[in-house]
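Indexing begins at 1, ligand by ligand and atom by atom, following the structure's order. We're numbering straight along the sequence, starting at 1.
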Amino acid sequence: MPAIVIVGAQWGDEGKGKATDLLSSRLDYVVKFNGGNNAGHTVVIGDEKYALHLLPSGILTPGVVPVISNGVVVDIEVLFEELDALTARGLDVSKLVVSANAHVIASYHRTIDKVTERFLGKRQIGTTGRGIGPAYADKINRVGIRIQDLFDENILRQKVEGALHQKNHLLVKVYNRRAILVNEVVAELLSYAERLRPMVADTSLLLHQALEAGKTVLFEGGQATMLDVDHGTYPFVTSSSATAGGAATGSGIGPARLERIIGIVKAYTTRVGSGPFPTELFDENGDFLRETGHEFGTTTGRPRRVGWYDAPIARYAARINGITDFVLTKLDILTGLPTIPVCVAYNVDGVRFDELPVNQSDFHHATPIYEEFPGWTEDITGARTFDDLPKNAQDYVIALEGMSGSRISAIGVGPARDAIVVRHDLIGG
Ligand code: IMP
C-alpha cells in the first residue's frame, strides 16, 4: 500500500519532523534512506528536549519499525550513543533494522572531512565535519566499508587496508598528519559487530514484503533538494541523493512504488554552510527571522543564514521531486511583519529568470525580484483550520501555492506538535 516520501524543498531544516509527527500514528515503517548523522531533529519527550542526528524519527513512535537503509552512511559509535540515550529515557529501540549494505563512517572519514575543509580555506563547503563526504566518496570509489563487512574479520582487514592505502599517503605527505593504523581501525569496527548483528537485515526485501502486505512506509529524506549532490547548488551540497529519487536507490524499492511525495517548505528560507542564497538577508529582518524562528543548527549550533521565501526554488523542488503535496512550516514566525516579500523570479545581469538558472555562476549573482504581500498581527498558533487563519495569512498561503508548483496541504503554525492546519490528508486525500 502507500509508500510516502518526505523531502526538504529548500536547504534543509524545513521542519520535516512536523509532517512525520502528523503521520506517525498511521505509519508502520519509517525509513532513513540518505545521509548520516549530519541531520538533526530536535525531539521533545516529556519535559526533555534533545537532538537526534542519525536515527530515523520513527524510532520514537511505539509500533513503528525504524529502518536505516542502504543509502545511509552509519557512524556506529553515534548509532549506539543515540540508542543508549533513548533507552535511558525508557524508549524501546529494539525494532531498529539496519541494512547490511549501508556504508560505515570510520574515524578516518571524520579526520579527512575536517582536514579537507581546512585545506580548502575560503572555498570550504562548511560541512558538519561528521565524515559524510569522505564516506560517500569511498563508496563511489569502491573502497568503502559496508555494515556486512564487520562480520568477516578477513574481509574487513583487506578492505580497511585498501581504504587506507592511498589515504595515509595523503594524510602524511599532504596534510602533515600521522598515518592511520589498520589494526586500530579494524579493532574498533570489530568491537561493534556483536551488538550490531541482531539489527542487521536485507532491508530492501523487508520493505518490499511490508509494502506487499499493505503496510504504510514513510521514506524520510535527510537534508534537502538544494543540498542534493545532483540537483542542489553543487559543490555546496551534501554528498547524497536527498531528493525523492534517492528514496528508491537508497532503499532498494522500485520508483513506481512511491505514491505520495511530500515536500516540506518553510514560509521563509534558511541555509547553513556556504553557497549561493539569493534571498539572504543581512539586515534587521534577517535578525528577526533568525531569533523568532530559533534558526540555529541542531547538529553544529551554527546560526543559520536566513532569507525570504523563494518561489522559483519551491517550483524547482516540486519538479525535481514530483512533489504531490507541500507542507508549509513556521508560518507563525512571519506574524507581526507589516509586509512580506516573496521572491518570484531572479534578475541576472539585467535578464529576468523565472526558473533557476542552469548555470551555477548565474545563480551565484542572481538577485531576487520581490512581490510584497500584506502581513498580519493576529496570533495564529491556535489555528487548526484554514478558516481560523487571518485573511492576510490565508492570502499569503494561497499566493505561495499558486507559484510553488503543487498544493499546500498542511501549514505549521507553531512549535507545539498539534499546531498544524491540515487542508488535505497527506496519506489518503
Ligand atoms: P555535509 O553533509 O556534512 O557534508 O555538509 C555539506 C553541506 O550540507 C553543508 O553546507 C552543511 O551545512 C549542509 N547540511 C548537511 N546536513 C544538513 C542538515 O540536516 N540541515 C541543513 N544543512 C545540512
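Looking at Asn37, Thr127, Val229, Ile132, it is Thr127 that brings a heavy atom closest to atom 5 (O) of ligand 1. Scanning Val237, Thr238, Leu227, Asp13 for the heavy atom closest to atom 14 (N) of ligand 1 points to Leu227.
Remark: Gln360 CD is packed, more than 12 non-hydrogen atoms of other residues, nucleotides or ligands lying under 6.0 Å away.
The shortest contact between atom 18 (C) of ligand 1 and any protein heavy atom is with Asn38 O, 3.9 Å. Counting only heavy atoms of the protein, atom 10 (O) of ligand 1 lies nearest to Val272 O, 3.2 Å. Scanning all protein heavy atoms for the shortest distance to atom 9 (C) of ligand 1 gives Gly126 O, 3.2 Å. Taking atom 12 (O) of ligand 1 as the reference point, the nearest protein heavy-atom neighbour is Arg302 NH2, 3.1 Å.
Residue contacts with ligand 1: Ala39 is included, with a non-hydrogen atom under 4.0 Å away. Using a 4.0 Å cutoff on heavy atoms, Arg130 does not count as a contact of ligand 1. Using a 4.0 Å cutoff on heavy atoms, Arg304 does not count as a contact of ligand 1.
For Trp11, every heavy-atom contact with ligand 1 shorter than 4.0 Å involves the backbone, none the side chain. Residue contacts with ligand 1, taken as heavy atom pairs separated by less than 4.0 Å, do not involve Glu117 at all.
The N/O atoms of Gly12, backbone and side chain alike, include none that comes under 3.5 Å of an N/O atom in ligand 1. The shortest N/O to N/O separation between Thr128 and ligand 1 falls below 3.5 Å. Distances between N or O atoms of Gln223 and those of ligand 1 include at least one value under 3.5 Å.
Side-chain contact between Arg384 and Val413 is present, with at least one heavy-atom pair separated by less than 4.5 Å. Side-chain contact between Val143 and Lys159: absent, with no pair of heavy atoms (C-beta onward) separated by less than 4.5 Å.
For Asp332 and Lys330, the salt-bridge test fails: no basic side-chain N is under 4.0 Å from an acidic carboxylate O. Salt-bridge check for Asp425 with Arg26: passed, with a basic side-chain N closer than 4.0 Å to an acidic carboxylate O. Using a 4.0 Å cut-off between a side-chain N of Lys or Arg and a carboxylate O of Asp or Glu, Glu280 and Arg304 do not qualify as a salt bridge.
Interface atoms of ligand 1 facing Ile125, defined by a heavy-atom separation under 4.0 Å, are 10 (O).
Note: Phe119 and Tyr175 have perpendicular aromatic rings, judged against thresholds of 30 and 60 degrees for the angle between ring planes.
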Criterion side chain to side chain contact (heavy atoms under 4.5 Å, CB included) on Tyr108 and Val185, from CA distance to verdict: CA-CA 8 Å; Tyr108 51 83; Val185 175; 3.8 Å; yes
Intermediate values then yes/no, salt bridge (charged side-chain N to carboxylate O under 4.0 Å, His left out), Arg271 and Asp13: CA-CA 8 Å; Arg271 148 161 232 179; Asp13 309 305; over 6 Å; no
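Although no hydrogens or angles enter the test, the distance criterion places a donor-acceptor pair under 3.5 Å between the side chain of Ser204 and the main chain of Gly252.
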